[in-house]
Amino acid sequence: MNKILSYVRRCVEDYDMIQAGDRVAVGVSGGKDSLTLLVALARLREFYPKPFTVEAYTLDMGHVDGGEGMDFTGVEALCRELDVPFTLLHSEIHHIIFDLRKEKNPCSMCAKMRRGALHNALKEHGVTKIALGHHFDDAVETFFLSLFYEGRLSCFQPVTYLDRTGITQIRPLLYCGEGMLRNAAERNHLPVVFNPCPADGNTKRQEVKELIKSLDKQYPGLKSRVFGAMQGLPLPAWGPVEHRRVPLPEGD
């Protein structure tokens with residue numbers, strides 16, 4: 001976890017993600033990425049020169065698996081251990097997408113509805129900054145998805161200000177590879193919650209993930225080079241700054 005914490009701190013500093021006095025909400029889905037991010041930011045809070053606080057927000061999608069919904073009691077217990085306020089938000093997003101609308105490609109609508117529910121809750125609680133668990137591999141996959149399916153060179157940005165809501169999204173795990181996060185979650189026995197979503201593992205993103213994995217074996221270092229190229233894209237938050245060019249993290 002110390003190595004991940006060092007990557008997180010470096011990323012936060014490189015992109016000036018956190019300001020003194022910030023209340024940083026962590027969107028905790030119960031997956032390995034968001035749980036590791038929660039632990040890392042809770043630890044960073046203890047010594048970072050710009051004082052900030054951390055809060056956890058979990059959105060219950062209303063998934064039902066075997067007659068029972070997702071169990072977030074382990075996440076709540078972890079938050080108590082970390083001294084992080086925990087808020088569980090209930091929704092019927094699963095019911096709306098799969099039962100009512102019967103979406104064949106549900107991921108895009110699901111993402112929009114999740115964002116809307118989370119942002120509304122943050123506004124009600126007076127929080128204007130949310131940390132998301134997108135990591136190194138997510139960024140590379142999003143780049144290829146954009147290229148293949150939209151015909152453009154694009155990716156989400158490390159820091160995004162949403163003027164319609166007044167909320168700033170930050171992604172402190174961008175220097176951490178998925179393998180590193182998976183290993184950290186296992187070593188630290190984080191309470192990962194099983195996701196019963198019917199679309200899980202059957203998406204365009206999963207197809208691209210498998211393709212990149214295959215290409216990276218054929219062309220070692222491909223992901224790292226793509227990430228470095230992305231940092232040179234003419235986007236506001238991806239300026240070509242030398243110290244932001246990081247190698248592929250260990251564990252991948």
Side-chain angles (χ1 to χ4, degrees), residues 4 7-42 44-45 48 50 52-59 61 75 84-87 89 91 93 107-143 145-146 150 152-178 181 205 227 230-231 233-239 241 244 246:
I4 287 178
Y7 275 113
V8 167
R9 177 172 184 171
R10 181 177 174 184
C11 190
V12 167
E13 291 178 342
D14 280 356
Y15 295 105
D16 197 23
M17 292 181 173
I18 295 177
Q19 310 304 320
D22 274 350
R23 291 172 60 190
V24 180
V26 181
V28 182
S29 66
K32 67 182 188 311
D33 306 329
S34 61
L35 288 172
T36 305
L37 174 61
L38 175 65
V39 174
L41 287 180
L44 184 65
R45 167 193 61 180
Y48 197 61
K50 299 177 182 179
F52 68 97
T53 60
V54 178
E55 306 173 26
Y57 285 78
T58 294
L59 179 63
M61 303 286 291
V75 176
V84 170
F86 174 73
T87 300
L89 308 168
S91 78
I93 293 177
C107 296
S108 178
M109 174 168 285
C110 181
K112 290 178 181 177
M113 294 183 72
R114 287 201 318 268
R115 274 197 306 271
L118 271 174
H119 292 174
N120 287 338
L122 295 183
K123 288 167 65 177
E124 289 176 5
H125 289 81
V127 179
T128 59
K129 184 164 288 186
I130 182 168
L132 303 175
H134 298 132
H135 48 67
F136 181 98
D137 293 80
D138 286 330
V140 175
E141 290 160 16
T142 300
F143 175 84
L145 281 166
S146 222
E150 299 176 14
R152 61 194 181 102
L153 301 179
S154 178
C155 183
F156 51 70
Q157 298 177 25
V159 178
T160 307
Y161 176 70
L162 307 173
D163 53 8
R164 292 182 61 183
T165 61
I167 291 173
T168 299
Q169 297 177 337
I170 62 174
R171 296 176 169 89
L173 291 182
L174 276 181
Y175 292 171
C176 301
E178 186 172 16
L181 297 171
R205 179 172 290 274
F227 190 85
M230 286 163 49
Q231 290 175 302
L233 289 176
L235 297 174
W238 281 97
V241 179
R244 291 179 184 170
V246 294

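Just so it is clear, the structure is predicted and the values come from calculations on it, not from any experiment.
Although no hydrogens or angles enter the test, the distance criterion places a donor-acceptor pair under 3.5 Å between the side chain of Arg171 and the main chain of Gln157. Side-chain atoms of Thr58 come within 3.5 Å of backbone N or O of Val28 as a donor-acceptor pair.
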Decide yes or no on side chain to side chain contact (heavy atoms under 4.5 Å, CB included) for Arg164 and His119, but give the supporting numbers first.
CA-CA 10 Å; Arg164 292 182 61 183; His119 292 174; over 6 Å; no
Side chain to side chain contact (heavy atoms under 4.5 Å, CB included) for Thr128 and Leu122? Distances and angles first, verdict last.
CA-CA 7 Å; Thr128 59; Leu122 295 183; over 6 Å; no
Apply side chain to side chain contact (heavy atoms under 4.5 Å, CB included) to residues His125 and Tyr57 and explain how you reach the verdict.
CA-CA 11 Å; His125 289 81; Tyr57 285 78; 3.3 Å; yes
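Between the SG atom in Cys11 and the CD1 atom in Ile4 there is a gap of 13.0 Å [rounded to 0.5 Å]. Note: Asp163 CG to Thr168 OG1 = 10.5 Å, rounded to the nearest 0.5 Å. Remark: Thr87 OG1 to Leu59 CG distance equals 12.0 Å, nearest 0.5 Å. In this structure, Met17 CE and Leu174 CG are separated by 5.5 Å, a value rounded to the nearest 0.5 Å. Rounding to the nearest 0.5 Å gives a distance of 12.5 Å between OG1 of Thr160 and CD1 of Ile167. Here the NZ atom belonging to Lys129 is positioned 11.0 Å from the OG1 atom belonging to Thr53, to the nearest 0.5 angstrom.
Nearest heavy atoms, Gly133 versus Leu173: O-CD1, 3.7 Å. The two residues Val26 and Ser34 have their closest heavy-atom pair at CG1-O, 4.1 Å. Between Cys176 and Val8, the shortest heavy-atom contact is SG-CG2, 4.4 Å. Listed here is the closest heavy atom pair of Gly30 and Leu35: O-CD1, 3.5 Å.
The shortest distance between side-chain heavy atoms of Tyr48 and Glu13 falls below 4.5 Å. Contact check for Arg45 versus Val84: side-chain heavy atoms found under the 4.5 Å cut-off. Proximity of Gln169 to Arg115: side-chain heavy atoms (C-beta onward) are separated by under 4.5 Å at one or more points. Taking 4.5 Å as the limit, some side-chain heavy atom of Phe156 sits within range of a side-chain heavy atom of Asp138. Considering only heavy atoms from C-beta on, Arg205 comes within 4.5 Å of Leu145 through its side chain. You'll find the side chain of Leu44 reaches within 4.5 Å of the side chain of Phe52, heavy atoms only.
A salt bridge links Asp16 with Lys50: the distance from a Lys NZ or Arg NE/NH1/NH2 to an Asp or Glu carboxylate oxygen falls below 4.0 Å.
Aromatic ring pairs are classed by plane angle as parallel below 30°, tilted from 30° to 60° and perpendicular above 60°; the pair Phe227 and Phe136 is parallel.
Partner Ile170 forms a side chain to side chain contact (heavy atoms under 4.5 Å, CB included) with one of Asp22, Val12, Ile18 and no other, that one being Ile18.
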